[in-house]
Amino acid sequence: MIGSGGREHALAWKASLSPDVSAVFVAPGNAGTALEKKTTNVPLQPSDFEGLLTFALHEQIDLVIVGPEDVLVGGIVDQFREAGISCFGPTQNAARLEGSKEFSKDFMTRHKIPTAWFRSFSDLEEARDYLKYQDFPLVIKADGLAAGKGVVICQDMSQAEQCIEEMLSGKAFDGAGEKIVIEEFLHGEEASFICMVNGQDFLVMASSQDHKAAYNGDTGPNTGGMGAYSPAPVIDSQMRETVIERVIKPTINGLVEDGISYTGFLYAGIMIQDGIPNVLEFNCRMGDPESQVIMMRLKSDLVTLCMAALEGQLGETEAEWFPQNALGVVMASRGYPGDYEKGHRIDGLETASDNNTKVFHAGTRLIGGKVTTSGGRVLCITALARNIVEAQKDAYRAASSIKWQGGWHRDDIGYRAVYRCQTSNEYSVD
Ligand code: AMP
Ligand code: GLY
């Protein structure tokens, strides 16, 4: 398992539950993966392709799963495949679906996949001129990878002008914004629609929804994700079919038509507006914190599913899911999503987990045997319960027992689904 976030902890944990798995190595992992049975951290960075390859060959690793997008976009899978190691993830060419917003928007236009209208720019004057004719709010996106922070929803002209200047100067996001996409603002409800893909075959994962905004009520700056839940009620069975027909199949067929062979997780971030699922973005990997809630609900063996995909048998494979709801609350360091504090000792972890509640780690390290904060998003406290209301209660109960200096979380993760559940007959029967 390559990576060190909450997503990687969730995937490594789930992989380690497979009876076919004797050991899971996580590079570089976190305190959570260090403490898990059957998993071992390896002090290698995801960007150290050569070191990882040497390690994998030496340990005769049977399956590599890659978590983060930057190394997928950097071509890590190509290198493992060349060395004959089974690696679940898209190649560099296929990962462009996430690596370049312009590529991905052009792909969607070419294959008639519903998405917001847009134009891309690399020239400041042209972009500025275009702004004059636009309504607000308006969405401005850096073309390249920016860790979920390259999207700005501009409320007025002065904010938009400032944003394009910063992005096109190449100063923001390490140059990821030297090209930008200016896009129509879509209203509606978001959901994460994630599949496992191999060529023309795909397997739909449980639906989920995350909260990208930092603060309660979905306000404040965008983050990597402050919490998530599964299933997403907005994806009912009819919407699931609509997304498959209008988004997933045209995407898979489009990739094949364009000669791109895609293997790995494919994540469509969608905005459902008037019954139409518009694609906001494609990610070439699992979501974080979506993985945490999806892995809690996955009954099937994750490793069997990945191997089936790599062996060309995904079309004949089905996944089983626990019927319960899962909800995960992210706990973050003071300052996140800006500059954040680290190095604080975390208390209360021992009593927070039980059979149905799991604390997935992200920015944590073991220092002198103590779990210590080392990142912006630190933990994701994830509960599985008979309905979303109970899952929310259980996750927050567990979160309330975990403390460190400056640690905080949103108080309303899952509010839309909770409201739906509380006002539905299903809940009153329960
Ligand atoms: P992206 O990285 O493109 O998914 O954008 C990050 C977040 O920005 C999305 O999850 C949405 O919450 C928001 N967003 C992106 N594009 C749009 C859009 N066209 N209209 C409204 N919100 C958007
Ligand atoms: N939770 C959003 C993402 O993984 O991109």
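Every number for a ligand or one of its atoms is a count from 1 in the order of the listing.
The option from His211, Met271, Glu190 that lies nearest to atom 11 (C) of ligand 1, judged by heavy atoms, is Glu190. Relative to atom 4 (O) of ligand 1, the option among Glu184, Lys105, Glu281 with the closest non-hydrogen atom is Glu281. Nearest-residue assignment for atom 4 (O) of ligand 2 (options Asn283, Ile194, Val330, Asp288; heavy-atom criterion): Asp288. Across Asp210, Asn222, Thr223, heavy-atom proximity to atom 2 (C) of ligand 2 is greatest for Asp210.
Among the atoms of Met286, none of the N or O lies under 3.5 angstrom from an N or O of ligand 2. Distances between N or O atoms of Leu186 and those of ligand 1 include at least one value under 3.5 Å.
Those atoms of ligand 1 with a heavy atom of Glu183 less than 4.0 angstrom away are 16 (N), 17 (C), 18 (C), 19 (N). Within ligand 1, the atoms closer than 4.0 Å to a non-hydrogen atom of Leu280 are 3 (O), 9 (C), 11 (C), 16 (N), 17 (C), 18 (C), 19 (N), 23 (C), numbered from 1 in the order shown. Heavy-atom contacts of Asn222 reach the following atoms of ligand 1: 6 (C), 7 (C), 8 (O) (cutoff under 4.0 Å). Taking a cut-off of under 4.0 Å to the non-hydrogen atoms of Lys141, the atoms of ligand 1 that pass are 3 (O), 15 (C), 16 (N). When each atom of ligand 2 is checked for a heavy atom of Glu290 under 4.0 Å away, the hits are 1 (N), 2 (C), 4 (O). Of all atoms in ligand 2, numbered sequentially from 1 with element shown, those under 4.0 Å from a heavy atom of Gly224 are 1 (N), 2 (C). Listed by number with element, the atoms of ligand 2 under 4.0 Å from a non-hydrogen atom of Gly287 are 4 (O).
If you look at Lys212 next to ligand 2, the close heavy atoms, those under 4.0 Å, all belong to the side chain. Under 4.0 Å from ligand 2, the heavy atoms of Arg285 that appear belong solely to its side chain.
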Determine, stepwise, if the pair Arg416 / Asp218 fulfils salt bridge (charged side-chain N to carboxylate O under 4.0 Å, His left out). CA-CA 11 Å; Arg416 282 193 198 85; Asp218 292 324; 3.1 Å; yes

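Between Ser120 and Lys179, the side chains place no donor N or O within less than 3.5 Å of an acceptor N or O (distance only, hydrogens not considered). Under the 3.5 Å distance criterion, with hydrogens and angles disregarded, a donor-acceptor pair is assigned to the side chains of Asp301 and Ser18.
Using the six-membered ring where Trp is involved, Phe121 and Tyr130 have ring planes that are tilted, between 30° and 60° apart. By the 30° and 60° cut-offs, the orientation of the rings of Phe185 relative to His187 is perpendicular. The aromatic rings of Phe360 and His9 sit perpendicular, their planes meeting at an angle over 60°, well past the 30° parallel limit. Aromatic ring orientation, Tyr215 versus Trp408: tilted (interplanar angle from 30° to 60°). Aromatic ring orientation, Phe282 versus Phe107: perpendicular (interplanar angle above 60°, classes split at 30° and 60°).
Not a single heavy atom of Gly225 sits under 4.0 Å from any atom of ligand 2. Not a single heavy atom of His187 sits closer than 4.0 Å to an atom of ligand 1. In this structure, Ala228 does not count as a contact residue of ligand 2, since none of its heavy atoms falls inside 4.0 Å of the ligand.
Each of Ser230, Ser192, Ser207 was checked for a side-chain hydrogen bond (donor to acceptor under 3.5 Å, both in side chains) with Glu290, and the lone residue meeting it is Ser192.
Using modelled atom types, one side-chain atom of Gln392 and one backbone atom of Ile413 make a donor-acceptor pair closer than 3.5 Å.
Between Arg81 and Asp78 no salt bridge is recorded (no basic side-chain N to carboxylate O distance below 4.0 Å).
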